[in-house]
Amino acid sequence: ETGVTQTPRHLVMGMTNKKSLKCEQHLGHNAMYWYKQSAKKPLELMFVYNFKEQTENNSVPSRFSPECPNSSHLFLHLHTLQPEDSALYLCASSQDVADGSALHFGNGTRLTVT
Amino acid sequence: DQQVKQNSPSLSVQEGRISILNCDYTNSMFDYFLWYKKYPAEGPTFLISISSIKDKNEDGRFTVFLNKSAKHLSLHIVPSQPGDSAVYFCAGYNFNKFYFGSGTKLNVKP
């Protein structure tokens, strides 16, 4: 039990589909993050939310749309993705975005775009 | 611009021996450095961290060393166990962001 739960674990979608990734944290943290992990590359920060407000958009294409309705839930809405968007998408949380406290990751969603 | 680099994609070590995982960085403003461990089909889990004002931090079998002049940090695992086989990521923290390396896959042979 990681304290950060991501669903679904695996997702296959066509380029014209619309889908959403869900993340929920049970740790009482105030900051939530989306990371992308492609094979043999560093974890790539996509979005950061602190107290439900987006504080970072790391030049992510608009086909990825985040939503943070409260401090415990984070969504990533996907539409008209490209095959190169296939990757492991990791959600993480931390106590606060500004104190350097360690990130707690979920197990990720393995996304395949066909 | 990759600010944190792990130049060894893989490392193989015999059980009971020392594992040394290396990480280089370019940003001298990092406040903290962290190591994460990742098993297949799981997310990374926090292992150990070090403040930029320290040069060593130890937690059981895991020790992280920081050499600021060389912009280099290393993770020592002694003794290595087969359960330590995983991908290890180092990360630097600065200005509300974590910068990760690309990981080193450690294989500890029984």
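Side chains are part of it too, since the values below use all heavy atoms of this structure and drop only hydrogens, waters and symmetry mates. Only a predicted model underlies this, so the values are computations on that prediction, with no experimental measurement involved. Numbers restart at 1 for each chain; the letters A, B, ... are given by sequence-line order, proteins then strands.
Interface residue B/P44: backbone and side-chain heavy atoms are both found under 4.5 Å from chain A. Looking at A/Q6, there are no atoms closer than 4.5 Å to chain B (heavy atoms on both sides), in backbone or side chain. With a threshold of 4.5 angstrom between heavy atoms, A/N58 approaches chain B through side-chain atoms but not through N, CA, C or O. At a 4.5 Å heavy-atom cutoff, the contact between B/F98 and chain A is made by backbone and side-chain atoms alike. Within the 4.5 angstrom heavy-atom criterion, only side-chain atoms of A/L88, from C-beta onward, approach chain B.
Linking ILVMFWY residues whenever their side-chain heavy atoms come closer than 4.5 Å, directly or via other members, leaves A/V4 and A/L111 in distinct clusters. Following chains of ILVMFWY side-chain contacts shorter than 4.5 Å, one cannot reach A/Y33 starting from A/F64, and the two form parts of different hydrophobic clusters. The same ILVMFWY cluster, assembled from side-chain heavy atoms under 4.5 Å apart, contains both A/L74 and A/L11. Linking ILVMFWY residues whenever their side-chain heavy atoms come closer than 4.5 Å, directly or via other members, places A/M15 and A/M13 in the same cluster. Hydrophobic clustering (side-chain heavy atoms under 4.5 Å, transitive across Ile, Leu, Val, Met, Phe, Trp, Tyr) keeps B/I20 apart from B/I48.
Close approach to chain B, defined as a heavy atom under 4.5 Å from one of its heavy atoms, is seen in A/L45 of residues 44-53 of chain A, taken by number. Within residues 57-67 of chain B, no residue has any heavy atom closer than 4.5 Å to a heavy atom of chain A. Contacts of residues 83-97 of chain B with chain A at a heavy-atom distance below 4.5 Å involve B/F89, B/Y93, B/N96, B/K97, listed in sequence order.
Minimum interatomic distance between A/N107 and B/G43 (heavy atoms only, all atoms of both residues): OD1-N, 3.1 Å.
In this structure, the separation between NZ on B/K38 and CG on A/L90 is 6.5 Å, given to the nearest 0.5 Å.
The salt bridge (Lys or Arg N to Asp or Glu O under 4.0 Å) pairs that include a residue from residues 4-24 of chain A number zero, where partners must be two or more places apart or lie in different chains.
Listed options B/A41, B/S49, B/P9 were ranked by heavy-atom pairs under 4.5 angstrom with chain A; first place goes to B/A41.
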Next on the checklist: Does B/F100 form a side chain to side chain contact (heavy atoms under 4.5 Å, CB included) with A/L103? I'd like the steps, not just the answer.
Outcome noted: CA-CA 12 Å; B/F100 284 87; A/L103 299 172; 4.0 Å; yes
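Ring centroid separation for the pair A/F105 and B/Y36 comes in under the 6.0 Å cut-off.
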